[in-house]
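Mind having a look at this structure? Questions to follow.
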Amino acid sequence: MIRWQLLVALLVVITITQEAASGSSDHKYKPNDDVPIYANKVGPFHNPSETYRFYDLPFCLPAHLKEKKEALGEVLNGDRLVSAPYKLQFMVEKDSELVCRKKLTKEEVSKLRSAVAKDYYFQMYYDDLPFWGFLGKVEKDKTDPSEEKYYLFKHLHFEIHYKKDRVIEINAKADPNAVVDLTEDKEVEVEFMYTVRWKETNIPFESRMEKYSQTSSQPHHLEIHWFSIINSCVTVLLLTGFLATILMRVLKNDFVKYAHDEEEADDQEETGWKYIHGDVFRYPKYKSLFAAALGSGTQLFSLALFIFGLALVGVFYPYNRGALFTALVVIYALTSGIAGYTASSFYHQLEGTNWIIHLRVYTLQFIATSYIGRKFDRMVTLVRNLLLTGCLFCGPLFLTFCFLNTVAIAYTATAALPFGTIVVIVLIWTLVTSPLLVLGGIAGKNSKAEFQAPVRTTKYPREIPPLPWYRKTVPQMAMAGFLPFSAIYIELYYIFASVWGHRIYTIYSILFIVFIILLIVTAFITVALTYFQLAAEDHEWWWRSFLCGGSTGVFIFGYCLYYYYERSDMSGFMQTSFFFGYMACICYGFFLMLGTVGFRAALYVLLLLRFLYVTSCVEQQGFCFLAKSELQSVVAQTQGLWSSGAVTTIAVVAAAAA
């Protein structure tokens, strides 16, 4: 069922993005044909989230104002396309064509002056090709350098390139000499004009979007990207050698020990992690929350893989409006079954038969039975775990969205979602996400048996000895998050400059390589710290491994602070709220995803390591601190993991490399 669900998700997203890309026009025109041109939005250049409708400023209105119907992803992206006041027919040149004569009031002059002072830009689309321009300029007063003069551009020059019957490229430049002085609050009469020039080009229609991605593919940028990858690969190699040395040394010492006879081994006192082998697989506290975190992390990991897959096949080409947001919403909804399956199956393993519920019970039989209370409690347990799984990530995201959408409404920005779009998202969550979450939970509950620990767990937990400060949770998280973050921090700048700026990021192959390196380093460092924790006789490793794996998300949020205050010019309450609000949700998602990867890697390596000890015991036929029943349990548990594929791919890579 899960495989079919993932296949349907991929097909649906590809269909949606292709429909968004194709549009209703075939992009072929004859001379004098009207080519669609739409005005999208205006806003401060340094605040990418603070955008407003084009006609919120007092520009010339077209004779027939028409709003373009937007897809879900385009609305989420803040696009609000309306008819532009210009008429750019195919192959028709114009010279100083009048748009309109407009008398600006004092209030309108003040509004435009404020826009020019904040470096407002406009964005338009001509035949689905985006182009930009600034509204005006600020200059020093020649008579008094301490004063500034504000000018509004009133004449636009359009340069359009074509090949046969198709539009290939468009550029818009303002005439720096045709300006209107907006320095003083007084009524001003303006004549808005535009000029159109057509030029033939040899660029094929299929390559007309490549110019928007050329900036990210320049040689000096590629050198920086490859330097980042080499730096990350060196980190991976060092970690691999470090882990391999530790594990081989431990195994070698224990193999030598087991080579002695049983009586001599009985006199030896166990130390380190073997001393607490009866507590290693003791279930963690807050099992339901732990299972929900693993479920949400696995779903986000699956979401990331699907997004990378679509990016690598070229779905997210530059300015395929809303494709990324549409894919995120649809894939997240359809992968909710993965979260329910993972959370319920893992929680069922920890709870065993005490968690079994019988859903196929007739109403009369359910009422008549004397176990109505117990059955009800079990049903509540299932619902509680699934609700926790469904709300663990969506809950904080929903609260953040409510606050930020309220801020956007107060600012009348295009980032404020219309009521109809909110209804659509709620319906998707209600009719798609929730049912798939429940179905995944039922499938997960029915697919797993009770978790069989490789060793017998003692009745009472062993007391953890006093530990130095650097072995506490917070210092361990700091050490665990630093190395993965150091492997990706160079690439983070380009991602931030694309998401929170005006750069275009299209090198998805390099980004995917960095993502794989991030997973490997996270798995390796979590395994190493888990070993050190158990060697210090601290058996509470379940939550620690999750927190250490996810600590990279905390470092990414720390980088957000650095980027906002040192590398960007963003300002204002709205932009600050959007930046830190949504970045907090993204970092939280990374925390859940990488925490899941770290825990799975640690769990799998522990089981594999235990299996190696069992193999040594069988081959040496000597002393082993595992009983016969425990040996059988280890073999069964390890073989079960191999056959069921219960661990993530990165855990397998980590174990094999170690």
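We number each residue from 1, following the sequence as shown. For clarity, every value in this text was computed on a predicted model and none was experimentally measured.
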Distance (rounded to the nearest 0.5 Å) between Leu324 CG and Ile307 CD1: 6.0 Å
Are Tyr588 and Leu397 close enough that some pair of their side-chain heavy atoms sits under 4.5 Å apart?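 The answer is no, as the side chains (C-beta and beyond) never meet within the 4.5 Å cut-off.
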Passes side chain to side chain contact (heavy atoms under 4.5 Å, CB included), Ile488 versus Ile556? Steps please. CA-CA 10 Å; Ile488 65 171; Ile556 296 177; 4.3 Å; yes
Does Ser486 have any side-chain contact (heavy atoms from CB on, under 4.5 Å) partners at least two apart in sequence or in another chain, and if so, which? Leu483
Check the side chains of Tyr564 and Gln575 for a donor-acceptor pair under 3.5 angstrom, ignoring hydrogens and angles. no
Using the test side chain to side chain donor-acceptor pair (under 3.5 Å), find all partners of Thr473 that sit at least two apart in sequence or belong to another chain. Arg544
Only one of Phe301, Phe546, Trp543, Trp541 forms a ring pair (Phe, Tyr, Trp, His ring centres under 6.0 Å) with Phe599, so which one is it? Trp541
When you look at Val407 and Phe573, which way does the side chain to side chain contact (heavy atoms under 4.5 Å, CB included) test go after all the steps? CA-CA 9 Å; Val407 173; Phe573 178 75; 3.9 Å; yes
Student check: side-chain heavy atoms of Ile428 and Val330 closer than 4.5 Å: no
Determine, step by step, whether Leu547 and Phe591 satisfy the side chain to side chain contact (heavy atoms under 4.5 Å, CB included) criterion, reporting the C-alpha distance in whole Å, the side-chain angles of both residues, the deciding distance to 0.1 Å, and the verdict. CA-CA 8 Å; Leu547 295 175; Phe591 174 80; 3.5 Å; yes
Can you tell me if Thr414 and Thr51 form a side-chain donor-acceptor pair at under 3.5 Å?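 Side-chain D/A pair, Thr414 to Thr51: present.
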With ring centroids as reference points, do Phe496 and Tyr493 lie under 6.0 angstrom apart? no
Gap separating the CZ atom of Phe398 from the CZ atom of Phe393, nearest 0.5 angstrom: 14.0 Å
Partners meeting side-chain contact (heavy atoms from CB on, under 4.5 Å) with Thr400 (sequence neighbours left out): Leu404, Cys585
Answer yes or no: are there more than 12 heavy-atom neighbours, outside Phe580 itself, under 6.0 Å from its atom CZ?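 Yes - once you tally the heavy atoms of other residues, nucleotides and ligands closer than 6.0 Å, there are more than 12.
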Check against side chain to side chain contact (heavy atoms under 4.5 Å, CB included), Cys394 and Trp429: CA-CA 10 Å; Cys394 285; Trp429 192 88; 3.9 Å; yes
Glu70 meets the side chain to side chain donor-acceptor pair (under 3.5 Å) criterion, sequence neighbours left out, with none
Enumerate, atom names and distances included, each donor-acceptor pair closer than 3.5 Å involving a side-chain atom of residues 510-528, sequence neighbours excluded.
residue : atom : partner : partner atom : Å
Thr522  : OG1  : Leu518  : O            : 2.7
Thr526  : OG1  : Thr522  : O            : 2.6

Restricting to side chain to side chain donor-acceptor pair (under 3.5 Å), what partner residues turn up for Tyr582, sequence neighbours left out? none
